[in-house]
Amino acid sequence: MASKLKTYAILSVLLMGLVFSGIGCIGSDNGEGAAPATGDTVVDTQSISVKGSDTVLPVAQYEAEQFMASYKNRDIAVTGGGSGVGIAALIDGEIDIAAASRNMKDAEFENAEAKGITPLKHVIAWDGISVVVNQENPVSELSFDQLRRIYNGSFSNWQEVGGEDRPIAVISRDSSSGTYEYFKETVLLGDEYRPDALTQPTTGAIVGEISLNPNAIGYIGVAYLDESLKALSVDGGEGFRYPDSENIISGQYPLARPLFFYTDGEPSGLTKEFIDFVLSAEGQELVQEVGYFPVK
Amino acid sequence: MFNRIYKEKVIESTLFSVSSLTVVILFLICIFLFRDGLALFQNFSFMDFAGGKFWYPTSEKAQFGLLPLLFGSLIVTAGAIVFSVPLGVASAIYISEMAPPRVAEFLKPFIEVLAGVPSVVYGFFGLVVLVPFIRETFGLATGQTALTGSFMLGIMALPTIISISEDAISSVPGSLKEGSLALGATGWQTIYQVILPAALSGISAAVMLGMGRAIGETMTVMMVTGNTAVIPAFPGGLLDPVRTMTATIALEMGEVPQGSDHFHALFAVGSVLFIITFMINLVADSIKKKYRFKVD
């Protein structure tokens with residue numbers, strides 16, 4: 001018994017040793033890989049960091065990768081976290097570019113001013129928001145007014161907007177999402193969301209619920225549209241428009257929003273190079289590859 | 001001689017400091033949680049928080065009412081207990097009193113596996129299978145309801161309840177059982193009138209701990225309960241969407257500006273949650289100690 005225990009003890013110590021030495025290896029590999037690069041080119045390597053909106057993240061990430069591939073010794077670190085997180089980091093002077101899917105709020109401007117930061121906005125791409133329902137739902141278009149009434153709680157049955165006699169299950173994103181704010185400003189005109197609206201943590205969860213629930217209505221980024229959902233034409237006052245790329249690029253689709261980079265004052269150095277790259281013909285090509293729309 | 005005593009002392013004090021580390025960590029978590037939670041009440045009245053009926057954290061005039069979230073957590077947890085206690089206690093009785101040893105040996109590992117399944121997997125199962133089922137069965141607008149969350153949490157609390165109840169039942173002295181059988185009681189009479197009352201304190205502790213498990217669960221409830229911050233009716237509210245305290249924190253922590261009222265409100269909710277689970281654990285512990293069955 002005792003000897004058995006001893007064997008186990010030795011075995012587990014050996015195993016732990018193996019694991020730890022493994023960790024050590026990876027750590028030192030990284031160190032060796034990174035150290036000479038910075039050591040050799042310490043004069044030339046420039047680096048900036050971009051942080052913010054998860055909506056902008058795929059574009060910013062892709063642009064940064066392509067940029068670093070074409071220009072040597074340029075290091076751009078891109079992280080997500082949300083528009084609010086990025087803007088807060090810009091105000092604290094931790095990063096060079098804040099990515100945002102909404103305008104800065106007044107309180108944020110005041111904070112920035114207090115810390116001597118002058119945020120400057122650059123539109124880098126457009127994102128379309130499509131209103132989606134289940135494939136079985138016969139409704140195919142809604143005006144902004146109808147949408148507003150559905151989302152603020154005045155309408156609760158599909159009959160009221162020309163559909164079947166079914167209750168409406170209203171779905172929204174959580175309040176930390178930039179899309180939540182955008183929809184509230186544009187469609188709800190500042191009204192509160194109805195308190196019984198379902199709140200989903202991710203766009204994926206919205207897609208999942210709507211594809212299974214014939215009563216549901218929700219909003220998602222155009223890049224997430226697929227065959228399991230039905231996108232509605234919406235009327236923002238100038239007739240019904242379907243969210244296809246033609247309508248979004250021409251500016252006729254009313255639920256399109258700009259995506260921003262915020263910088264502290266006029267960008268210079270690598271920050272300027274990177275923003276110029278994003279706005280160049282090549283950069284805007286990349287924007288479309290990711291599923292968003294170029295700046296007109 | 002001196003060396004041996006010295007060595008013993010060193011080992012003893014090392015082990016002491018390692019085990020008191022838990023207490024220190026708990027204490028630190030407490031301090032940080034309460035410090036940030038209490039900061040809310042500099043700008044927001046405590047009564048509006050504790051008695052508030054609306055949770056509108058990002059409105060112009062923000063409202064941080066605890067009640068919808070608290071009752072959301074309570075209704076989901078209560079539902080979970082209603083499902084899991086009869087199932088759990090019945091399984092525990094079967095495993096420890098009736099099952100042939102081989103069957104018990106077969107069942108136990110499966111119950112442990114149930115405890116090891118990640119909560120996101122439960123959530124995914126609930127979303128894809130249970131949510132459409134509940135919607136169709138009850139003819140609801142959406143299947144993301146408190147009941148759905150209760151079912152899932154009930155399943156997740158089962159392993160805790162079964163294993164602790166089983167411990168309690170098997171620790172009832174054999175002499176009691178033998179005495180009862182010798183007096184001519186049937187097997188079921190013995191279980192029902194002798195063993196269960198004797199194990200009652202352990203079973204109550206198991207129920208309390210199962211409750212603690214259910215009230216603290218986040219991912220699963222966030223995925224299946226719809227996250228609607230409305231005070232639920234009881235028991236009709238079981239078929240409405242609800243939002244729990246845990247889901248609120250998980251949903252909104254991502255993009256809340258650090259140091260804002262909303263940020264502190266989430267910490268305040270976290271403090272409430274901490275106090276509740278702490279109390280549940282204390283009560284479970286004292287029940288277990290105070291009413292431990294003694295045979296003289």
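Here the structure is a predicted model, which is why all the values come from computation and not from measurement. Naming convention: chains lettered A, B, ... in sequence-line order (proteins, then strands); numbering from 1 in each chain.
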So which part of A/Ala88 gets closer than 4.5 Å to some heavy atom of chain B, the side chain, the backbone, both or neither? neither
Could you check whether B/Glu112 pairs with B/Lys108 (Lys NZ or Arg NE/NH1/NH2 to Asp/Glu carboxylate O, under 4.0 Å)? no
Would you kindly say whether B/Asn227 and A/Asp174 are connected by a side-chain donor-acceptor distance under 3.5 Å? no
Can you tell me which of A/Leu198, A/Ile87, A/Ile168 forms the most heavy-atom pairs within a distance under 4.5 Å of chain B? A/Leu198
Of the listed residues (A/Ala205, A/Ala197, A/Ala169), which shares the most heavy-atom pairs with chain B below a 4.5 Å separation? A/Ala197
Report the option among A/Lys184, A/Gln200, A/Arg166, A/Glu181 that has the most heavy-atom pairs separated by less than 4.5 Å from atoms of chain B. A/Gln200
I'd like to know whether B/Phe49 forms a ring-ring contact (aromatic ring centres under 6.0 Å, His included) with B/Phe44, so could you lay out the CA-CA distance, the side-chain angles of the two residues, the decisive distance to 0.1 Å, and finally the verdict. CA-CA 8 Å; B/Phe49 173 72; B/Phe44 195 80; 7.4 Å; no
By a 4.5 Å heavy-atom criterion (distance strictly below it), what part of A/Lys105 contacts chain B: side chain, backbone, both, or neither? neither
What do the steps show when you test B/Leu114 against B/Tyr122 for side-chain contact (heavy atoms from CB on, under 4.5 Å), and what is the final call? CA-CA 10 Å; B/Leu114 206 58; B/Tyr122 280 111; 3.5 Å; yes
Note: A/Glu185-A/Arg257 ion pair, threshold 4.0 Å (strictly below): no
